[in-house]
Amino acid sequence: MRLILAPMEGVMDHTMRDLLTRVGGYERCVTEFVRVVDRQLPSRVFYRACPELRNGGTTPAGTPVYVQLLGGDPESMALNAQVLERLGAPGIDINFGCPSKTVNKSDGGSVLLREPDRVHGIIRAVREVVSPHIPVTAKIRLGFKDSSLFEDIALGVEAAGATELCIHARTKQHGYLPPAYWAEIGKVKPKLSIPVIANGEIWSGANARQAQADSGCTDLMLGRGALSFPDLARVIHAQQAGEAYTPLPWAEVLPLVVQYAGELEQRAPKYAASFIKQWFTYLRRQYPEAESLFQHIKRMKLPCEIKAAIISPFHQGNDYD
Ligand SMILES: Cc1cc2nc3c(=O)[nH]c(=O)nc-3n(C[C@H](O)[C@H](O)[C@H](O)COP(=O)(O)O)c2cc1C
């Protein structure tokens with residue numbers, strides 16, 4: 001079984017990838033999407049999305065990071081994929097799942113799922129220019145409005161030469177509303193020979209088992225669950241290996257949050273406060289202590305103020321509110 005850390009724009013940046021891959025259990029990561037419109041992007045755009053390119057394309061813990069491209073023009077996508085190969089990306093992922101209106105208006109993301117031929121054409125154009133040893137993967141949803149084209153899309157992805165296919169088990173129309181329709185993946189997976197990765201609504205070891213059973217996939221991608229539960233990947237691996245594992249208690253998660261806050265304060269002081277609060281919105285789903293701490297910091301604007309509140313011994317208990 002392989003567990004992959006999902007791309008998440010505005011949350012799963014290299015600081016978070018570093019932190020979560022240090023906690024462990026992930027086979028690889030995928031960057032937030034880089035939007036390609038009609039030209040070759042300067043290298044600095046890729047270094048910004050994937051600073052790991054300066055480290056051989058892996059996080060400090062050694063986990064490979066594929067770079068995700070999003071766009072509707074095959075030629076420009078191919079041009080940028082070539083740049084990525086030159087910069088040393090260990091893999092290139094193509095986004096056909098983004099539901100954002102802005103992105104869809106500019107002809108990228110899930111809107112392309114309405115045209116399976118275009119999905120195929122984009123992947124083929126990228127595959128043809130990138131050396132065979134570099135994986136080219138695709139991330140799709142079940143469809144745009146409904147899943148009527150799902151099988152065509154998936155077969156087209158494989159025929160275009162994609163190395164692997166990750167499927168977020170919802171349509172664009174479903175957005176992020178539960179449930180995820182893992183069994184829909186299971187209907188098409190037997191017709192594919194490339195590895196298929198199931199994604200969507202995996203928050204626990206039990207969800208992981210159910211997603212595997214319904215989709216027929218061994219490999220899974222974890223997004224919001226990984227942010228809520230920093231050692232979710234280790235929990236899933238241990239459960240599946242039949243090994244005993246005690247999940248990290250809040251007291252061991254808190255230092256990770258402090259580390260994250262410290263790194264963001266240095267790297268992106270302007271955005272640090274909102275990034276930290278955003279992580280809390282996920283953590284409070286799993287840890288009641290995070291909920292009370294979130295209530296305490298939610299109006300704070302300065303990262304140093306938030307960091308001080310988090311590390312204050314007074315706030316390390318869970319009975320202060
Ligand atoms: C805030 C946010 C940002 C996301 N950004 C991306 C992205 O840049 N590229 C992508 O392919 N998917 C993106 N996704 C979708 C996730 O990768 C994933 O498919 C989705 O969240 C379902 O998985 P989950 O239920 O495990 O979170 C994003 C999702 C969220 C919630």
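These numbers come from the heavy atoms of this one structure, side chains and all, not from hydrogens, waters or symmetry mates. Counting starts at 1 for both ligands and their atoms, in listed order. The model shown is predicted, which means the values in this text are computed figures rather than measured ones. Heads up: numbering here begins at 1 and tracks the sequence.
- Cation-pi geometry between R141 and Y176 is satisfied (NZ or CZ under 6.0 Å from the ring centre, within 45° of the ring normal).
- Among all protein heavy atoms, the one lying closest to atom 13 (C) of ligand 1 is P7 O, 3.1 Å.
- Atom 5 (N) of ligand 1 has E9 N, 2.7 Å as its closest protein atom, hydrogens excluded (heavy atom only).
- No donor-acceptor contact under 3.5 angstrom links the side chains of Q82 and Q40, judged on distance only.
- Scanning all protein heavy atoms for the shortest distance to atom 18 (C) of ligand 1 gives N199 OD1, 3.3 Å.
- Heavy-atom contacts of R224 reach the following atoms of ligand 1: 21 (O), 24 (P), 25 (O), 26 (O), 27 (O), 31 (C) (cutoff under 4.0 Å).
- Side-chain contact check for S193 and E158: at least one donor-acceptor pair (N or O, by modelled atom type) lies under 3.5 Å.
- Taking only nitrogen or oxygen atoms, main chain and side chain alike, M221 does not reach within less than 3.5 Å of ligand 1.
- Defined by atom type and a distance below 3.5 Å, a donor-acceptor pair is missing between the side-chain atoms of D18 and T59.
- Ligand 1 places these atoms under 4.0 Å from at least one heavy atom of E201: 24 (P), 25 (O).
- Stacking of R170 on the aromatic ring of Y181 is not recorded, the 6.0 Å distance cut-off and the 45° axial limit not both being met.
- At a 3.5 angstrom cut-off on N or O pairs, K139 counts as close to ligand 1.
- When non-hydrogen atoms are compared, ligand 1 lies under 4.0 Å from the side chain of H168 (C-beta onward) but not from its backbone.
- A donor and an acceptor atom, one from each side chain of E252 and W250, are nowhere located under 3.5 Å apart.
- In this structure, of L232, N95, L70, the residue bringing a heavy atom nearest to atom 10 (C) of ligand 1 is N95.
- Using modelled atom types, no side-chain atom of D231 and backbone atom of P247 make a donor-acceptor pair closer than 3.5 Å.
- In this structure a side-chain-to-backbone donor-acceptor pair under 3.5 Å is present from Q212 to T218.
- In this structure, atom 11 (O) of ligand 1 lies nearest to the protein heavy atom Q68 NE2, 2.8 Å.
- A donor-acceptor distance shorter than 3.5 angstrom exists from the side chain of D146 to the backbone of S148, with no hydrogens or angles considered.
- Look at G97 and you'll find every heavy atom at least 4.0 Å from all atoms of ligand 1.
- For atom 29 (C) of ligand 1, the closest non-hydrogen atom of the protein is Y176 OH, 3.3 Å.
- Atoms of ligand 1 lying under 4.0 Å from any heavy atom of A6, numbered from 1 in the order shown and given with element: 17 (O).
- Under the 3.5 Å distance criterion, with hydrogens and angles disregarded, no donor-acceptor pair is assigned to the side chains of S76 and R39.
- Considering only non-hydrogen protein atoms, atom 26 (O) of ligand 1 sits nearest to G223 N, 2.9 Å.
- Annotation: atom 31 (C) of ligand 1 to nearest protein heavy atom, M8 CE, 3.6 Å.
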